[in-house]
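Quick note: numbers below take in every heavy atom, side chains included, and nothing from hydrogens, waters or symmetry partners.
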Amino acid sequence: MHKITIAIDGYSSTGKSTVAKQLADYLGYVYVDSGAMYRAVTLYAMQNDIISKNNFNIEKLKESLPSINLRFEKKSDWKKAHIFLNGKDVENEIRNLEVSEFVSPIATIHEVRLKLVAQQQQMGLEKGVVMDGRDIGTVVFPKAELKIFMNASANERAQRRYQELLGRGEVVEFKNVLKNIEERDHIDTTREDSPLIKAADAIEIDNSEMNLEDQFHVVLQLAKDRIAGRI
């Protein structure tokens, strides 16, 4: 069976990463969480006084890019590959709300995107890849055989993110989570460099009323049909 490239784009907290990982596991494909790469760069910037609530030293970030080494590693007892920043597993650190607040501004920087897009394209050379993000079908893999665009209401996405954070023991208020979702939507869709847009040949899925199982089966069927050449 020939392998294809699958690009899954969409708004934050639409379940892109969850369904992308499920799909990669089922098909035996490589899963690449592009959002984790941007989050890892954001964590580096936070740790090195490059970005904070009152400061964003863009020039220092650009100068620091050669010092940022990212890789994915998966061990047998892990459900998914973890991202390593300069040799350290930061998979859990990058998932908190503070990183979420800064990741969109970091992702607007052209030099950051150039560095990460080049790495992502390298990962996809062999095909058999499922990658999710915001510009995968438009910039990273414009020739992907299957492009999916995930959407859901802001309130529904905020509820999902809120429950996820509570489940990890974080103390957060729903209104702050919703505010973060809406701010990220605005930045992601209005940035000059690779804004979040639906590729012309992408299939849009609104999963506001779907559970994870329903969503997976919809996406899996699309992938099976595309692999078989039926769509």
Practice item. Decide whether V41 and V32 are clustered together by the hydrophobic rule: side chain heavy atoms of Ile, Leu, Val, Met, Phe, Trp, Tyr closer than 4.5 Å, transitively. Key: yes

Check your understanding: Between A45 and L61, which heavy-atom pair has the shortest distance, and what is it?
Key -> CB-CD1, 4.5 Å

Review point. Are any non-hydrogen side-chain atoms of K21 and V130 less than 4.5 angstrom apart?
Key: no

Check your understanding: Where the side chain of Y29 meets the backbone of I4, is there a donor-acceptor pair that is under 3.5 Å apart?
Key -> yes

**Study point:** N211 atom CG: more than 12 heavy-atom contacts under 6.0 Å
**Key:** yes

Review point. For K127 and E145, what are the C-alpha separation, side-chain angles and deciding distance, and is it a side chain to side chain contact (heavy atoms under 4.5 Å, CB included)?
Key: CA-CA 10 Å; K127 291 192 178 289; E145 289 87 349; 2.7 Å; yes

Exercise for review: Identify the heavy atoms of R226 and L146 that sit nearest to each other, and give their distance.
Suggested key: NH1-CA, 3.8 Å

Check your understanding: Are Y11 and V139 connected in the hydrophobic side-chain network, where two residues link if heavy atoms are under 4.5 Å apart?
Key -> no

**Study point:** Side chains of N155 and S153, donor plus acceptor under 3.5 Å
**Key:** no

Exercise for review: List for me each residue that meets salt bridge (charged side-chain N to carboxylate O under 4.0 Å, His left out) alongside E173, sequence neighbours excluded, and say none if there are none.
Suggested key: K175

Review point. With hydrophobic residues grouped by side-chain heavy-atom distances under 4.5 Å, do L23 and F141 end up in a single group?
Key: no

Review point. NE2 of H186 to OG of S104: how many Å apart, nearest 0.5 Å?
Key: 10.5 Å

Study note, to complete from the structure: In short, salt bridge (Lys or Arg N to Asp or Glu O under 4.0 Å) pairs touching residues 43-52 with sequence neighbours left out are none

**Study point:** Nearest atoms (heavy-atom pairs only) where G137 meets A199
**Key:** O-CB, 4.2 Å

Point to revise | Shared hydrophobic cluster, L70 / I51 (ILVMFWY, side-chain heavy atoms < 4.5 Å) | key: yes

**Study point:** Interatomic spacing from CG in L125 to CD in Q120 - rounded to 0.5 Å
**Key:** 12.5 Å

Review point. Between E63 and K60, is there a salt bridge with N-O shorter than 4.0 Å?
Key: no

Review point. When rounded to the nearest 0.5 angstrom, what is the spacing between CD1 in I148 and CG in N151?
Key: 13.5 Å

Check your understanding: Would you say the side chain of V140 lies within less than 4.5 Å of the side chain of M131, judging by non-hydrogen atoms?
Key -> yes

Review point. When you check the gap from the basic side-chain N to the acidic O, do E73 and R71 get nearer than 4.0 Å?
Key: yes

Review point. Are any of the side-chain heavy atoms of D214 and N207 separated by less than 4.5 Å?
Key: no

Review point. Can you check whether D185 reaches S12 side chain to side chain, under 4.5 Å on heavy atoms?
Key: yes

Review point. With no hydrogens and no angle check, is any side-chain donor or acceptor of K16 less than 3.5 Å from a backbone partner on A20?
Key: no

**Study point:** Approximate separation, where rounding is to 0.5 Å, of E204 CD and D206 CG
**Key:** 7.0 Å

Exercise for review: Indicate yes or no: does R160 engage E164 in a salt bridge with an N to O separation below 4.0 Å.
Suggested key: no

**Study point:** Shortest non-hydrogen contact from A24 toward Y31
**Key:** CB-CB, 3.6 Å

Review point. Restricting to pairs with a member in residues 87-116, which pass salt bridge (Lys or Arg N to Asp or Glu O under 4.0 Å), not counting sequence neighbours?
Key: D33-R95, K53-E101, K62-E111, K80-E91, K88-E93, E91-R95, R113-D135

Practice item. Would you please test S34 and L116 for side chain to side chain contact (heavy atoms under 4.5 Å, CB included) and show each step? Key: CA-CA 8 Å; S34 73; L116 298 192; over 6 Å; no

Check your understanding: Can you tell me if S17 and D132 form a side-chain donor-acceptor pair at under 3.5 Å?
Key -> yes

Revision key, fill the gap. CZ of R157 to CZ of R184, rounded to nearest 0.5 Å, is 9.5 Å

**Study point:** Flag, side chain of R191 to backbone of T108, donor-acceptor distance under 3.5 Å
**Key:** no

Point to revise | Heavy-atom closest contact (L178 atom, A154 atom, distance) | key: CD1-O, 3.8 Å

Review point. Hey, does D193 have a side-chain heavy atom less than 4.5 Å from the side chain of I109?
Key: no

Review point. Out of curiosity, N176 CG to L97 CG, how far, rounded to the nearest 0.5 Å?
Key: 7.0 Å

Exercise for review: Start with the C-alpha distance between I6 and L222, add both sets of side-chain angles, then the distance that settles side chain to side chain contact (heavy atoms under 4.5 Å, CB included), and finish with yes or no.
Suggested key: CA-CA 10 Å; I6 301 173; L222 289 173; over 6 Å; no

Check your understanding: What do the steps show when you test T42 against M46 for side chain to side chain contact (heavy atoms under 4.5 Å, CB included), and what is the final call?
Key -> CA-CA 6 Å; T42 302; M46 292 166 60; 4.0 Å; yes

Exercise for review: Please answer: with hydrophobic residues joined when any side-chain heavy atoms are less than 4.5 Å apart, are M150 and L196 in the same cluster?
Suggested key: no

**Study point:** Side chains of Y44 and N86 in contact at under 4.5 Å (non-hydrogen atoms)
**Key:** yes

Point to revise | Salt bridge D9-R134, side-chain N to carboxylate O under 4.0 Å | key: no

Point to revise | Which atom of F56 lies closest to which atom of P105, heavy atoms considered | key: CE2-O, 3.8 Å

Check your understanding: Side chains of I8 and F149: closer than 4.5 Å at any heavy-atom pair?
Key -> no

Check your understanding: Are the side chains of F72 and M123 in touch, meaning some heavy atoms are under 4.5 Å apart?
Key -> yes

